[in-house]
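Structure first, then comments.
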Amino acid sequence: MLNSNFDMLYNSLCEKVSSKKFKPEKSDTQALFINESFAYKVEVDPRDSRVYLHRRENSSDSEQDGDWTKVSEWAFDDEIDRKSIKLICDDFAETLNGPGKNNLKRKSKKALPDETADELFFANRMVNIFPELRDEIFIEKQCYSEFRGTQFVKSSILPKITELLEKNKDTRKIEKLSKLLSDLYKSSSLNIKSLITMGILNNITDPEQIGAVQKYIDNNLSSAWSASLKFKDKKVKPDKLKFTTRLLRNSSYK
């Protein structure tokens, strides 16, 4: 299924990218689009369920993988649907083709900093729980030169989680959300860990809602949540790593 999804993404990209500008090449999980100046690599990593767009200058001195610069990344797994693949294709094609006359005016797209890429990946994984986030992510990427992860969690993701818990009817969805947050906390950067604990969990205040989440999260995230409560109501931005580092040092888990 993953290979067929990648084939769909590749074929869609070939339709959108001018054959006069790029020569496409493809293997099972990787595709190259090459011209005289640049080479772009679209690559699926099944280990972390992501698809990446990398770029490098096409010169004789750029032969090693270390020369690649990450430009964009999206969640990509067996369960991805056609609409999501189209959004990914549109994003990648815009980079390869360059801004068109009818595109929204914005700053030129640059390689994403690791922190921004992590936040975008986190938002894309939340689409598995709240599919309506797809369009909001697309609008965010269209309107801003960099993905504003902290603001997006506050304005788009947190309200949906709060609404889900307030209704407390879809227990399967609450379980799926809680387990996804546990998995992401375990494998993500310090910045994403702080978004999960201080940006989301600390804003769940109703005892019944807290209990509904604690029922399904793992011990690792539960301990971190307890430790993060020390910072509640303090002027601490979730994307400031120095505060997160202090939080992790003070927590009881390893």
Side-chain angles (χ1 to χ4, degrees), residues 2-77 80 82-125 127 134-135 137-149 152 189 191:
L2 188 64
N3 286 343
S4 63
N5 288 336
F6 185 65
D7 288 343
M8 187 184 304
L9 174 61
Y10 172 74
N11 292 331
S12 298
L13 265 175
C14 288
E15 292 177 1
K16 287 182 174 291
V17 176
S18 172
S19 59
K20 295 180 180 179
K21 292 181 63 175
F22 289 97
K23 175 185 176 183
E25 301 176 2
K26 181 184 176 299
S27 62
D28 288 341
T29 59
Q30 179 178 296
L32 296 174
F33 292 83
I34 304 170
N35 64 17
E36 294 181 357
S37 300
F38 292 99
Y40 288 89
K41 177 170 64 175
V42 180
E43 185 173 29
V44 172
D45 189 341
R47 296 169 299 180
D48 58 11
S49 301
R50 306 191 198 192
V51 61
Y52 298 91
L53 177 65
H54 292 87
R55 175 181 60 204
R56 73 179 182 194
E57 291 186 6
N58 192 16
S59 66
S60 58
D61 296 329
S62 299
E63 296 298 332
Q64 301 299 321
D65 282 347
D67 295 318
W68 292 101
T69 299
K70 181 169 61 179
V71 178
S72 184
E73 67 176 288
W74 291 74
F76 198 88
D77 55 27
I80 194 168
R82 290 178 178 270
K83 186 174 181 180
S84 297
I85 292 175
K86 182 180 184 302
L87 289 177
I88 297 170
C89 178
D90 290 343
D91 178 57
F92 288 2
E94 181 185 347
T95 299
L96 269 68
N97 290 326
K101 294 180 180 180
N102 296 325
N103 287 350
L104 293 174
K105 291 184 178 180
R106 59 173 176 165
K107 294 180 181 179
S108 298
K109 183 181 287 187
K110 299 178 181 179
L112 290 175
D114 288 342
E115 182 177 306
T116 303
D118 285 345
E119 292 169 347
L120 179 57
F121 173 72
F122 175 74
N124 284 325
R125 290 301 302 273
V127 171
R134 289 192 192 95
D135 293 337
I137 291 172
F138 183 73
I139 292 171
E140 174 76 17
K141 287 164 63 65
Q142 286 287 89
C143 294
Y144 298 95
S145 59
E146 290 187 2
F147 187 79
R148 305 171 306 158
F152 192 81
S189 65
N191 183 57

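Just so it is clear, the values below take in all heavy atoms, side chains as well, and ignore hydrogens, waters and symmetry mates.
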- CD1/Ile80 to CD1/Ile85 distance, rounded to the nearest 0.5 angstrom? 5.0 Å
- Counting only N and O atoms by type, is there a donor-acceptor contact under 3.5 Å from the side chain of Lys21 to the main-chain atoms of Asn97? yes
- Going from OG1 on Thr29 to CZ on Phe76, what distance comes out if it is rounded to the nearest 0.5 angstrom? 10.5 Å
- Message: Testing the basics here: between Val42 and Phe92, what is the closest heavy-atom pair and its distance to 0.1 Å?
- Response: CG1-CE2, 3.9 Å
- Measure the spacing between OG of Ser84 and CG of Leu9 and express it to the nearest 0.5 Å. 11.5 Å
- Non-hydrogen side-chain atoms of Phe147 and Phe122 separated by less than 4.5 Å: no
- Minimum side-chain heavy-atom gap Tyr52-Lys70 below 4.5 Å: yes
- If every non-hydrogen atom of Asn35 is compared with every non-hydrogen atom of Ser37, which pair is closest and at what distance? OD1-N, 2.9 Å
- CD1/Ile137 to CG/Asn124 distance, rounded to the nearest 0.5 angstrom? 4.5 Å
- Task: Indicate yes or no: at least one non-hydrogen side-chain atom of Glu25 is less than 4.5 angstrom from one of Ile34.
- Result: yes
- Task: Answer yes or no: is there an ion pair linking Lys83 with Asp135, defined by an N-O contact shorter than 4.0 Å?
- Result: yes
- May I ask you to check whether over 12 heavy atoms, not counting those of Lys26, lie within 6.0 Å of atom NZ? yes
- Query: Do Leu96 and Leu53 pass the side chain to side chain contact (heavy atoms under 4.5 Å, CB included) test, and can you show the C-alpha distance, the side-chain angles, and the key distance before you say yes or no?
  - Reply: CA-CA 10 Å; Leu96 269 68; Leu53 177 65; 4.1 Å; yes
- Message: Check whether Ser12 reaches the backbone of Met8 with its side chain - one donor and one acceptor, N or O, closer than 3.5 Å.
- Response: yes
- Distance under 6.0 Å and angle within 45° of ring axis: Arg56 vs Phe38: no
- Message: By the definition side-chain contact (heavy atoms from CB on, under 4.5 Å), identify the one residue from Arg55, Lys141, Glu94 that meets it with Ser72.
- Response: Lys141
- Message: For Arg47, give me all partners under salt bridge (charged side-chain N to carboxylate O under 4.0 Å, His left out), at least two apart in sequence or on another chain.
- Response: Asp45
- Query: Does Tyr10 reach the side chain of Pro24, with side-chain heavy atoms less than 4.5 Å apart?
  - Reply: yes
- Query: With under 30° as parallel and over 60° as perpendicular, where do the rings of Phe22 and Tyr40 fit, or are they tilted in between?
  - Reply: perpendicular
- Task: Compare all side-chain heavy atoms of Asn191 with those of Glu119 and state whether any distance is below 4.5 angstrom.
- Result: yes
- Note on the structure: Here the pair of heavy atoms bringing Ser27 nearest to Phe6 is O-CE2, 4.0 Å
- Query: With under 30° as parallel and over 60° as perpendicular, where do the rings of Trp68 and His54 fit, or are they tilted in between?
  - Reply: perpendicular
- Asp91 side chain vs Leu87 backbone, donor-acceptor pair below 3.5 Å: no
- Message: Is there a side-chain contact between Phe152 and Glu140 in this structure, where contact means two heavy atoms from C-beta onward sitting under 4.5 Å apart?
- Response: yes
- Stepwise, does the side chain to side chain contact (heavy atoms under 4.5 Å, CB included) test hold for Lys16 with Cys89? CA-CA 8 Å; Lys16 287 182 174 291; Cys89 178; 3.5 Å; yes
- Note on the structure: CH2 of Trp74 to CZ of Arg134, rounded to nearest 0.5 Å, is 10.0 Å
